[in-house]
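For ligands, and for the atoms within them, numbers begin at 1 and follow the listed sequence.
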Amino acid sequence: MFDLNGQVALVTGATHGLGMAMADALGSAGATLVVNGRSSQEKIDKAVAHYRGQGFGAHGYRFDVTDEAEVVDAVEKIEREVGAIRILINNAGIIRRVPLLDMPLEEWELVLKTDLTSAFIMSRAVAHGMRERGAGKIINICSMMSEIGRDTVGAYAAAKGGLKMLTRNMATEWARYNIQVNGIGPGYFATEQTAPIRQAGHPFNDFIISRTPAARWGDPADLGGTAVFLSSAASDFVNGQVIYVDGGILATIGKPANE
Ligand code: GCO
């Protein structure tokens, strides 16, 4: 039930980080991978070589997930050149750590467009074909910030909170077409995005370790199993759920520093 052989999986933002880790897991389960990047063809080519180096079928396409015309063209090209997209993981995203009182409107709009509107654009572009074929899997990469906030990530939290509700509404409208739409909410993972707050001795690093019951940062490979589950027949009756892969941080208020 976890076999993805013969299925085409489009993972956005999979030239590095969590997207690459999830794509690796889907490739290991047999999926043919399609990865995208926005800017650097070199990065895309390097990522495709990484996947092909593991024996996975892999193809790279350069397009901007926030540009609907580019997305519609890319989906049409992918489905003509590689095959029908059965699995979409909306992973591409950015973060800007700026207090709300200081955040320029342009920055706010960039985060919302990249982290939330892109999922609407991408999912709608692939869902038409999934509805016609009577099957599909869409996974939106949410965040712990879909549930809680913290200083300086207000735009990101608003986008990720919206993405959780968009996931539920996509599930509401598309489950009848046998399209399962769900989310994954990563906790704190060791990636490029969190590198600035993971520096040894950085107060945030110590804080996260103390607030996480598993007492460690997530390893991107920790997301693979959940990504395969939500991409496979094992989740055919799962709709509108966000699975938090967070080491338990959302389950607890934490404990006093001296305990
Ligand atoms: C931050 C982090 C978080 C993580 C992740 C948590 O600045 O607090 O970047 O936002 O990236 O999204 O789920």
Side-chain angles (χ1 to χ4, degrees), residues 11-23 25 38 65-66 89-104 107-119 122 139-168 182-227 229-230 240-254:
V11 185
T12 65
T15 56
H16 62 284
L18 300 185
M20 179 168 273
M22 289 185 284
R38 178 182 47 192
V65 295
T66 68
I89 298 186
N90 287 308
N91 166 74
I94 59 170
I95 194 166
R96 294 289 182 273
R97 298 183 181 95
V98 179
L100 287 171
L101 281 177
D102 306 329
M103 175 169 263
E107 288 271 282
W108 164 274
E109 289 175 337
L110 178 64
V111 172
L112 270 291
K113 184 173 72 162
T114 310
D115 294 3
L116 176 57
T117 305
S118 65
M122 284 299 311
I139 302 164
N140 293 320
I141 303 307
C142 299
S143 165
M144 277 176 43
M145 299 330 175
S146 298
E147 300 294 343
I148 57 175
R150 86 171 183 88
D151 280 11
T152 77
V153 297
Y156 182 85
K160 293 298 189 180
L163 190 55
K164 175 178 78 171
M165 288 315 302
L166 180 61
T167 298
R168 290 178 177 168
N182 292 286
I184 297 175
Y188 280 94
F189 276 72
T191 63
E192 285 169 35
Q193 177 170 292
T194 57
I197 55 177
R198 253 180 320 111
Q199 302 303 322
H202 189 298
F204 199 80
N205 178 66
D206 303 339
F207 169 65
I208 287 303
I209 299 298
S210 69
R211 276 283 277 108
T212 304
R216 67 175 175 88
W217 287 80
D219 178 312
D222 288 321
L223 283 177
T226 305
F229 166 64
L230 289 176
Q241 300 302 312
V242 177
I243 299 178
Y244 289 94
V245 183
D246 68 352
I249 196 170
L250 282 176
T252 178
I253 193 172

If every non-hydrogen atom of K160 is compared with every non-hydrogen atom of S143, which pair is closest and at what distance?
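Looking at all heavy atoms of both residues, the closest pair is CG-CB, 3.7 Å.
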
Could you check whether atom CG of D102 has more than 12 heavy atoms from other residues, nucleotides or ligands sitting under 6.0 Å from it?
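Counting other residues, nucleotides and ligands, CG of D102 exceeds 12 neighbours.
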
Which ligand 1 atoms, with their elements, are less than 4.0 angstrom from a heavy-atom of [X]?
X	result
V153	7 (O)
R150	1 (C), 7 (O), 8 (O)
S143	5 (C), 6 (C), 12 (O), 13 (O)
M144	13 (O)
M145	8 (O), 10 (O)
G187	5 (C), 6 (C), 13 (O)
T194	9 (O), 11 (O)

So which bit of [X] gets within less than 4.0 Å of ligand 1, heavy atoms only: side chain, backbone, both or neither?
X	answer
R97	side chain
T191	neither
D246	neither
I95	side chain

Does any N or O in the side chain of [X] come within less than 3.5 Å of the main-chain N or O of [Y], such that one atom is a donor and the other an acceptor?
X	Y	value
N140	N90	no
T66	T114	no
T191	G17	no

Residue, atom name and distance, where the atom is the protein heavy atom closest to [atom]:
atom	value
atom 11 (O) of ligand 1	Q193 NE2, 2.7 Å
atom 4 (C) of ligand 1	Y188 CE2, 3.9 Å
atom 10 (O) of ligand 1	Y156 CE2, 3.3 Å
atom 13 (O) of ligand 1	P186 O, 2.5 Å

Is the closest side-chain heavy-atom distance between V245 and P186 below 4.5 Å?
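With C-beta onward as the side chain, the pair stays apart.
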
Any T212 side-chain heavy atom under 4.5 Å of D246 side chain:
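No, every pair of side-chain atoms sits at 4.5 Å or beyond.
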
Which one of V98, L116, I95 satisfies the side-chain contact (heavy atoms from CB on, under 4.5 Å) criterion with Y156?
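With Y156 as partner, side-chain contact (heavy atoms from CB on, under 4.5 Å) holds for just one option, I95.
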
Please work out whether the ring planes of W217 and F204 are parallel, tilted or perpendicular, with thresholds of 30° and 60°.
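Tilted: the ring planes of W217 and F204 meet at 30° to 60°.
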
